[in-house]
Each structure stands twice: as C-alpha cells, then as structure tokens.
Number of protein chains: 2
Amino acid sequence: MSERSVPPILNERAQHLLKVLVQRFIRDGQPVGSRALSRASGMDLSSATVRNVMADLEEGGFIRAPHTSAGRIPTDKGYRFFVDSLLTVNPLNPSEIDRLKVRLDDEAGTEGLVETASTLLSGVTHLAGVVTLPRRNHSRLRHVEFLPLSDRRVLAILVVNEKEVQNRVIHTDREYSRDQLQAVANYLNAQFSGRDVTTVRETLLEEMAAHRDDMNELMDSVISVASQVFGEQEQCEDYVLAGETNLMTFTELSDVEKLRELFQAFNEKRDILHLLDRCLAADGIQIFIGQESGYRAFDGVSLVTSTYSVEKDVVGVLGVIGPTRMAYDRVIPIVDVTAKLLGHALNTSQ
Amino acid sequence: MSERSVPPILNERAQHLLKVLVQRFIRDGQPVGSRALSRASGMDLSSATVRNVMADLEEGGFIRAPHTSAGRIPTDKGYRFFVDSLLTVNPLNPSEIDRLKVRLDDEAGTEGLVETASTLLSGVTHLAGVVTLPRRNHSRLRHVEFLPLSDRRVLAILVVNEKEVQNRVIHTDREYSRDQLQAVANYLNAQFSGRDVTTVRETLLEEMAAHRDDMNELMDSVISVASQVFGEQEQCEDYVLAGETNLMTFTELSDVEKLRELFQAFNEKRDILHLLDRCLAADGIQIFIGQESGYRAFDGVSLVTSTYSVEKDVVGVLGVIGPTRMAYDRVIPIVDVTAKLLGHALNTSQ
DNA sequence: TTTAGCACTCTACGCGGTAGAGTGCCAATC
DNA sequence: GATTGGCACTCTACCGCGTAGAGTGCTAAA
C-alpha cells in the first residue's frame, strides 16, 4: 500500500476547506456540496479536487453526508476542530459591551442579577441562556438572630455579606426560652460578627473539643445551637435558564421527541448541573459540542460557558445553549464578556 | 319554512350521542364516524340516523369535521357542553387519595409544598401541573429586626406567621445608628408582635395622622422606617409549573410552532397569571377549554383549576394544563382532592 | 497533482390510480 | 313523521412511477 490511509493531521488546504464548509453550514444550515465549496473557498480549485479533499475529511470523521447525494455537514469532531484551530472570533462592539454593562449594573441584588444575565445572554444570542447562582465559599457573618418555635425547634436567621439573609429551622435537644436564645445570639454576634462563616464553624468545633467537660451553661447552649446553624450548608446548587423557547425555532431541533428530551433535561437539572460543574472546575471558556458531553439529550446541541468570579474567586458559570450549528464566533465573545461583566456587577453590588 | 332551524337545546338522544362521541374521541384521539358512533352508543340506531343527529350537532357548533370524509371531533363548545352537562366523574380511589396526602404532609415548608403539589399533579395526570404560591392577606407579625447598611439604607428582616422570613432594603431620609434602629425595632416588636400586618399598617398611618406635630424623636423614626417596611407589599405573584414536557407527547400539540407559543406563555407568566387570577376570584373548580381563555397560545389546550384555602381563606389556585382532549372525568377529581389536601397540609405546617 | 467528464445515486416533487372511510341525500319503510 | 337502506360523492392516505436537480465517485487525460 503506497498511499497513507488517513493523514494524521489535516494539511493547510484541507483545514481551510473545512473552515469554509463549517462557516457556510452555520450560515445556511444546508449541506455544502463540492461545487459550492470550491466557489466559496476562493482557492481556484475545481469541484473535483474539492471532492477529493472532502472525501479525506469524511474519512477523517470531520464531515459526513446526510445521504449519498447531498453535500456534507460537519460532525461533532468537525465542529471541535473548527472551534479549536480554525475559529477567528470577532471581538464585541464596544457599544454592545456598554449596553450589556448598563443592564447588569442597573440590576440590584444577587437573584435579580443572575436572572438578568441569563435573559441578556438569551436575548443577544437568540439562544438559551444559563447562569448558575454564585456560590461563595467566603461568607462574612454579619448578624445572627434566633426565634423559638414550638416543639424544641428554633428559627435561626443569618445575615451574611452585608445583606444576604438566610434562614433555617434547627431542632434542639431541649427547650430554650426567648431570653436564653437572645443570650446565645449576643455571644455569637459579639464573638464572630465580621468573621468568615467557615472560620466560625472551625472555631466552634475547636472550642467544643477543648472545653468538652468544663463548660458553663451559656457555652453549652452556644455550642449546641450554633453547631447546627453553622453546620455544613448543603450548597443549594441551581441555575437560571432563559429563552429556552428560542431553541424551538431551529429546524435541526424540530423533532418533538428530541426537544422533549432536552427540555426534560432542563427540568431535571441534574445532568445540566453536572455539566456546568465540569465547566466550573476548568477556569475560563469551555465548549461542549453535541455528544461530547456524554448526555443523550445533548445530541445536536452545544454549550458554550465561561466561569465568572468575584474578587478573583470563581463563584459560578454562565453560558449559552444552542444547536451545534451556532455562530461560535459571535457567541464566544458574548459569553466571555457577559461573564466578566456579571463578576464586576456582583463585586460592586455587595 | 316548516322545519325549525337549530333546536334551541339538544334533545336527550343528541346529548347522549354527543357524550359518547366526546368520550370516544378523548379515549382514541381519532375522529368518530357515524357507524362507529351508532355501534358505541348502545342505542340501536342505524348509522344513517346517527348521521342526521350529527348533522344537527355540527350545525349547533358542538362538533366539526376535520375534512369532508372524516368522522367528527368535538369543538370547544362541544367540550364545554360535555363538561357542564354530560360529564360523570369517578371519585378518586381512597388509596390514591392517601398516597397524595402522605406525599404532601411529608413535605415541610411552603416552598417545598407548592413544588411537591405541582409535581404530584403532573405525575398523576401525566399532564402539566401548576400551583400558585399562596398569598396570605393575614400575616401575623412575629418579629422585626433592622441592620444598617451603607448610604442611608437599612436592611429590614420580618418574621411573620411563625417562621416565614422576609427581608427588604429600605432607604431612609437620614443616617440611623445601630442603637437607634434597635430602639425602633424594640418599639415595633413590643407594640405589634402577634398583630396582623395590615392592622399594623393601618395603625401606623393613624398614628402618623394623629401626632403629626408633637412627635418625639423615637416615634418620628418609628413612623419613618416602619411606614416603608409595612408599606404595600407588591404581591410577588408567581406559580410553580411541573411536567411541561408531558405536553410534548400529545400528537395534537406536535406542531412545534404551537408548542413554542405555549411554552413562551409559560415563561412570560403574565397571561397564565391573569388566567389563574380569574380562577382565584371564582371559588372552587374552574375549567377553561381551548380558546375560551382568550389567549392564542391556549388553542387546543385546557386548564382545570381549583382554589385552595388555609383556614377558610382562599389563598391560591392549583390545576392541570393539558390538551382539550384530556380525561376530564379523572382530572377534575384529582385537581379537587389535591387542592383540599394542599390546603390541609399548609394549615398543619404552620 | 489536478481536472474534465460521465455514470450513478439519492431526494424532492408532482401525477395518477386505488382503497377505505365517511358523508349527504333521497326514496322507501315502519 | 321518524327511521332506515341505498347510493353517489368526496376526501385522505398510500403506493408506484417518472422526472428534475443536486452531488458524488471514479477514471482517464492533462
């Protein structure tokens, strides 16, 4: 066999043709034939030559033919190569950046900000936007308050980070009066106000270990109540989705059964959260193309994400969900910029 | 003209045939022909006679033919008559009721309850469930607390109804110290704890009017701060939807454009809320069939709702959204029972 | 290595014919 | 007068067929 089977890496011509093919397909949504590609490539090659190259690309798994006599469309692998090696992104127009910035900076409060960011992403891209709620590992305790409920239950109200209010019901091993609870609260506020919540938890554990035997009544109560209040908080992982209905307009997703699977995944949240978690781990822009994510519902769907940070700490992920045939060159900078702006807005608002 | 045009009311035979026709169509989803109907009616009528009756029913607007040579299907008006006058509901199996009850009673907290109810409705009916958040006009004030923020803003934390925590940021006309705010809180707690929030609001307004001129500094602060805290609360109207994806499996809704409109309506919430509001006003079971609701997106879709109550006060609406071709005889008792159970669960949980 | 040419394949579309379901009407019947 | 059998008619769904158009793969020549 004198001919090498599949070139280990695509030569420049093949790369360029792949690039043009993907761009065309993203623009028109139609399979691209050899003649159209030879014209569009600007390379002065006959369609026959282009056909040869396309045969190589197909063998390499970058493109495929929906049927014998149609043009070719990119495979997931083709999109991947396109995104990794061929893509040239147009940076966002400064005036567009400003519009986004204004909309985000106007919004007060964490909850509203996240929702606005998601809506903005979906609005600007005409795809679905997704933003995870920020999770701060560094929450400064501001104030704590207790109210007795019936049946040895106590309502604990925590104010952290300036103006975030959390509340939870804890079960105590004995009945506490209003005054006793007030005393515990006073002690905690005096001792720990302004401190990091995780530090508070650790300090309490140490105290408990150190003074196990010789504790006065107050300290006993403090430890008993506070250990529950500051116990491991189940990270309420969640995300805000916007503009899902945009996805219904794409012909490649017009199969109702496919749509149902995708929307089911949105509702169940588990798979999506897992995917977003993977993005959180890897700093910066992340792209999942079609089946790469490993979830069946994501067939034909891509996810472009970026992490966003508050004071250098990565606290969340945001991104865009759309058909694999999306305008990556536009979407990527939009996601990138929105992530930075959201981080900034969160920074100033607290 | 010797023949009357359209009988003002359907005679018994026509009613029975309409009933059987609707039941058949709900079961099979196929247009019902005269022969099939004459067999199914159990009335020993020839198909020709049935044809005559069907012609009358069509003229009366109760049924229509999708095309010349298909059977007939019910119109919205046909479903309406069916639901109002012909329907016999099978009451729910006691064991099924028990299953629902257990699931709801297990769930703690308002938020979780509402979500569970919605999921239950969707799960049992295989349609979409919808539950509005309960809005209580009677909220007993339990405790109030203030924390100063920067820029003359104050974080107010309200505990109402045993363990519901609300918080809001108010803007004051001057800077308050922590102690001043504490004094205001102490006064409010002493004076109004256990009282209805609306009563508190009214009382404050009266005080303000009565002592406009001769107020001491404390009272001035109290009025200034509290009037904002207890000001008209924008009723945060909202609902929890579950199982929307179930709707995607119905062939009559398989048109993607129709689905998109419906889901858009779910997301925008405005129209749905308006519809649910109308249900709230009318106590008990309400049914909107297809275009009756007046919203384009509801073409081919029905909504079955019931109000639910806490201590005799109607506080919310819950229901099921599905194709007009839904099993009303099953759905109606399910909605009815779930509403009662949710009311009961809310009652005991607080 | 590139290219022109050509046979081949597949889809989309329109046409015609048929089977099947169901209707509407009319005249006969109870 | 209500009911019924009969019959012509209509419409859909389906199948087979032929055609136009797009695009391919292969081969032989440049």
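Lettering follows sequence order; numbering is per chain, from 1.
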Specify the separation, in whole Å, of atom CZ of B:R72 and atom C1' of C:dG24. 9 Å
Is it the case that atom CD in B:E257 sees more than 12 heavy atoms from other parts of the structure closer than 6.0 Å? yes
What is the distance from CG of A:L21 to P of D:dG23, rounded to the nearest Å? 12 Å
Within residues 27-53 of chain A, the residues having a heavy atom closer than 4.0 Å to DNA chain D are A:G33, A:S34, A:R51
Inspect the surroundings of CZ in B:R35 and state if more than 12 heavy atoms from other residues, nucleotides or ligands are less than 6.0 Å away. no
From CZ of A:R24 across to P of D:dA22 the rounded distance in Å is 14 Å
For atom CG of B:D44, decide whether the heavy atoms of other residues, nucleotides or ligands shown that lie under 6.0 angstrom number more than 12. no
Test applied, side chain to side chain contact (heavy atoms under 4.5 Å, CB included); reference residue, A:L318; option that passes from A:V304, A:L276, A:V131, A:V240: A:V131
Short N/O separations, protein against nucleotides 7-15 of chain C, under 3.5 angstrom:
none

In whole angstroms, how far is the P atom of C:dT1 from the CD atom of A:E12? 17 Å
Apply ring pair (Phe, Tyr, Trp, His ring centres under 6.0 Å) to B:F62 and list each qualifying residue two or more places apart in sequence or on a separate chain. B:F81
Geometric class of the B:F263/A:F263 ring pair [parallel <30°, tilted 30-60°, perpendicular >60°]: perpendicular
A:F25 CZ - D:dG23 P separation (whole Å): 13 Å
Specify the separation, in whole Å, of atom CZ of A:R64 and atom P of D:dG23. 17 Å
According to the interplanar angle, ranging from 0 to 90°, do the rings of A:Y295 and A:H274 count as parallel (below 30°), tilted (30 to 60°) or perpendicular (above 60°)? perpendicular
By nearest-nucleotide position on DNA chain C, the 5'-leaning member of A:R13 and B:A70 is A:R13
Between A:M248 and A:L259, is any pair of side-chain heavy atoms under 4.5 Å apart? yes
